[in-house]
Student: 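I'd like to ask some things about the structure below.
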Number of protein chains: 2
Amino acid sequence: MATIYEVAKLAGVSPATVSRVFNSNNVSEEKAGLVRAAAAQLAYTPNRTARTLRRRHSEIIALIIPDIENPFFTSLARGVEDAARSAGFSVVLCNSDEDVAKEAQYIDIAVLENMAGIIIAAASDDSDLHPLLSRSRPVVAVDRGPHGLDIDAVMVDNRAGGMAATSALVTHGFKRIGCITGPSDVETAQHRADGWRDALRSAGLTPDEALLEHANYRVDGGRAAMQRLLALPEPPDAVFVANNLMSVGALQVLYDAGSSPETFGFAAFGDLPFAALAPAGMTVVHVPARAMGRTAATMLLDRINGDDRPPRTVVLRNEVSTNPENALAHVR
Amino acid sequence: MATIYEVAKLAGVSPATVSRVFNSNNVSEEKAGLVRAAAAQLAYTPNRTARTLRRRHSEIIALIIPDIENPFFTSLARGVEDAARSAGFSVVLCNSDEDVAKEAQYIDIAVLENMAGIIIAAASDDSDLHPLLSRSRPVVAVDRGPHGLDIDAVMVDNRAGGMAATSALVTHGFKRIGCITGPSDVETAQHRADGWRDALRSAGLTPDEALLEHANYRVDGGRAAMQRLLALPEPPDAVFVANNLMSVGALQVLYDAGSSPETFGFAAFGDLPFAALAPAGMTVVHVPARAMGRTAATMLLDRINGDDRPPRTVVLRNEVSTNPENALAHVR
DNA sequence: CTTGCGCGTGAAATCGATTTCTGCAACGCT
DNA sequence: AGCGTTGCAGAAATCGATTTCACGCGCAAG
């Protein structure tokens with residue numbers, strides 16, 4: 001592992017000059033040539049740790065997500081990586097597991113390792129970003145907003161998405177529409193449920209809070225919530241499920257109960273992962289996960305490069321679609 | 001951000017003593033107390049970059065995987081994280097995207113950032129690990145073996161798994177059993193196909209190479225391969241699919257063709273991700289992804305801590321199971 | 001009563017880069 | 001001709017920790 005001193009010696013210049021060749025360019029073409037030749041000969045690449053120590057920040061950005069096993073977040077991670085890599089940054093993926101303490105630990109690490117910036121989908125409304133802000137590290141919130149903090153954010157319109165999904169169920173003639181949303185301390189869960197209420201009200205129906213279930217954003221949560229709904233004295237005839245994994249669980253229960261999205265209205269917020277069987281009759285709010293990641297990374301890179309305009313919140317569009325009733329009719 | 005010098009000043013000792021309090025313990029209890037009090041007061045945490053520069057390695061381990069969107073690898077990542085975190089290490093997830101060049105770049109970064117060690121599921125047989133070995137960084141190969149290199153590895157028995165899966169199909173009475181396996185330059189793909197051949201031969205059947213398809217290890221690969229198989233003049237009556245995502249694709253095609261694992265024999269290597277519908281009659285080779293990750297991390301940490309026994313290859317067991325025919329009969 | 005060893009401690013070197021400071025030379029301007 | 005720029009390059013400081021070296025003290029062995 002060649003160092004800058006060895007390159008300097010071989011090229012017959014000082015280490016400072018070698019550094020200048022690779023960073024600024026106030027170096028005569030003559031010496032620059034010598035340095036480049038020497039560097040090539042020794043296969044020199046600067047030690048990132050030393051550079052980081054001096055520069056006070058590395059070329060790594062941290063991406064903190066609450067559930068690495070949720071394809072929505074891995075897809076988002078791909079987006080972040082796309083943008084970061086092409087700018088010469090690498091991405092560290094940190095899985096907070098929806099746990100505020102674990103998340104805090106990763107935030108500390110990001111600071112202590114002098115990472116260039118952080119993109120975070122906060123584990124909960126109570127997530128504490130102050131360690132970052134007080135050290136003026138660039139931060140971009142993604143998917144889950146900056147609740148109160150004045151930082152950049154990339155979001156989708158959760159309320160509108162929830163409303164569109166629920167309205168589609170109304171249009172299909174369902175009357176008693178339930179809702180399975182996420183934990184009550186997660187903002188996206190609240191907004192999506194608000195959309196459900198909006199849609200019902202604007203259709204002249206009254207949202208029945210007994211048909212609103214909160215669950216964790218995972219498969220087992222969706223399963224349990226759907227079981228509770230179906231066990232009600234007056235069960236719903238349709239349901240809006242506010243996240244992709246919960247939809248998987250809810251669908252399992254629905255099929256187990258001998259029903260399917262063709263008879264029991266089913267709308268999901270987020271694409272079903274690896275859906276071996278795209279259920280017919282199901283309405284889906286497509287969330288542009290990868291684009292969200294790309295956007296967030298681009299904004300973060302701007303900040304890292306000194307952009308100091310006031311923080312912005314970018315809201316990306318959702319598309320809503322309903323599978324044709326007969327799409328995979330033979331599955332029945 | 002307090003430094004070691006500020007702590008030293010406040011405690012009335014030298015920086016060296018502060019460092020010793022946190023690392024070795026050749027310090028009198030009296031001074032140690034002073035130092036700890038001062039450190040607590042200033043909320044001191046050592047700057048990881050400076051430590052890494054001096055120590056020549058950080059407390060980060062890199063995990064390089066070929067497909068972050070494959071739940072098998074995210075599950076493996078969870079296992080790595082479990083073990084690493086409890087040892088005070090953090091994990092950087094790098095997605096090589098089955099691309100040897102991208103992988104090489106991540107390997108370089110791991111070296112230049114002085115990461116403590118690397119766990120890698122190689123993108124292909126041609127992956128070049130020499131940059132790591134020549135700098136004597138600890139490396140553990142996981143899932144995909146060390147083809148020729150003398151390093152630690154954590155594997156499953158791909159050949160036995162392929163054989164067990166195929167044998168299950170034979171037992172269920174299928175005669176013309178096809179195989180969809182991964183890219184021919186990926187070792188696990190070769191071994192699983194070998195298992196398929198073994199099972200057929202030991203059942204007195206002759207493996208028909210026309211029924212062997214190679215595809216990428218993703219959903220679209222499985223879909224395309226299954227389409228080719230079904231389009232054959234004499235299509236198979238059953239298929240062994242050598243990875244989880246390809247199984248999803250193959251199943252989609254199977255259902256589209258009006259069939260299902262109850263009539264068309266279907267065995268998969270690896271659990272179906274988020275299977276909304278666990279197909280009845282399907283045989284699955286369960287791969288202990290999380291345990292593989294934990295094992296690999298533990299081995300790596302041993303190496304980092306100076307273990308210099310000869311390299312070992314650990315082979316974990318697969319479990320094979322077949323869904324009852326009538327499990328979800330109502331889905332039909 | 002010395003010699004020697006071990007222990008605790010501080011001073012200083014070290015890791016490998018970047019960046020500031022300083023000096024020198026060439027050039028242009030009055 | 002004298003003076004202020006400008007440009008280039010080396011010397012040295014710097015980032016913040018760890019680790020080596022050296023010193024002084026106390027205690028035990030000779």
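Just so you know, these numbers use all the heavy atoms, side chains as well, and skip hydrogens, waters and symmetry mates. Only a predicted model underlies this, so the values are computations on that prediction, with no experimental measurement involved. Chain letters run A, B, ... following the sequence lines, proteins first and then strands; every chain starts at 1.
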Student: Is it true that A:Arg36 and A:Glu29 have a side-chain N and a carboxylate O under 4.0 angstrom from each other?
Tutor: yes
Student: Have a look at the helix from C:dC1-D:dG30 to C:dT30-D:dA1 and give the angle its two end axes make, five pairs each, rounded to 10 degrees.
Tutor: 50°
Student: Taking only residues two or more places apart in sequence, or in another chain, which ones meet A:Thr295 in a side-chain hydrogen bond (donor to acceptor under 3.5 Å, both in side chains)?
Tutor: none
Student: What's touching nucleotides 4-12 of chain D from the protein side, N or O pairs under 3.5 Å?
Tutor:
{"residue": "D:dA9", "atom": "OP1", "partner": "A:Ser28", "partner atom": "OG", "Å": "2.7"}
{"residue": "D:dA9", "atom": "OP2", "partner": "A:Ser28", "partner atom": "N", "Å": "3.0"}
{"residue": "D:dG10", "atom": "OP2", "partner": "A:Ser14", "partner atom": "N", "Å": "3.1"}
{"residue": "D:dG10", "atom": "OP2", "partner": "A:Ser14", "partner atom": "OG", "Å": "3.2"}
{"residue": "D:dG10", "atom": "OP2", "partner": "A:Thr17", "partner atom": "OG1", "Å": "2.7"}
{"residue": "D:dG10", "atom": "N7", "partner": "A:Arg20", "partner atom": "NH2", "Å": "2.7"}
{"residue": "D:dG10", "atom": "O6", "partner": "A:Arg20", "partner atom": "NH1", "Å": "3.4"}

Student: Any carboxylate oxygen within less than 4.0 angstrom of a Lys/Arg side-chain nitrogen, looking at B:Glu98 and B:Arg144?
Tutor: yes
Student: So, A:Asp82 and A:Arg290, do they make that salt bridge, N to O below 4.0 Å?
Tutor: yes
Student: So what does A:Ser19 hit on the nucleic acid, given a heavy-atom distance under 4.0 Å: a base, only sugar-phosphate, or nothing?
Tutor: base
Student: Considering only heavy atoms of chain A and a distance under 4.0 Å, specify the first and last nucleotide of DNA chain C in 5' to 3' order that meet this criterion.
Tutor: C:dG16 to C:dT20
Student: When you compare the side chains of B:Asn23 and B:Arg55, does any donor N or O come within less than 3.5 Å of an acceptor on the partner?
Tutor: yes
Student: Please list, chain by chain and in numerical order, all residues satisfying ring-ring contact (aromatic ring centres under 6.0 Å, His included) with A:Phe22, sequence neighbours excluded.
Tutor: A:Tyr44
Student: Sequence neighbours left out, what passes side chain to side chain contact (heavy atoms under 4.5 Å, CB included) with B:Ala297? Give chain and number order.
Tutor: B:Val80, B:Ala83, B:Ile119
Student: Are side-chain N/O atoms of A:Glu103 and A:Ser127 paired as donor and acceptor at under 3.5 Å?
Tutor: yes
Student: Identify whether the distance between the nearest side-chain nitrogen and carboxylate oxygen of A:Arg78 and B:Asp97 falls below 4.0 Å.
Tutor: yes
Student: Check every strand shown and say whether A:Phe22 touches a base, only sugar-phosphate, or nothing at a heavy-atom separation below 4.0 Å.
Tutor: nothing
Student: Could you check whether B:Thr52 and B:Asn114, counting side-chain N and O atoms only, form a donor-acceptor pair closer than 3.5 Å?
Tutor: no
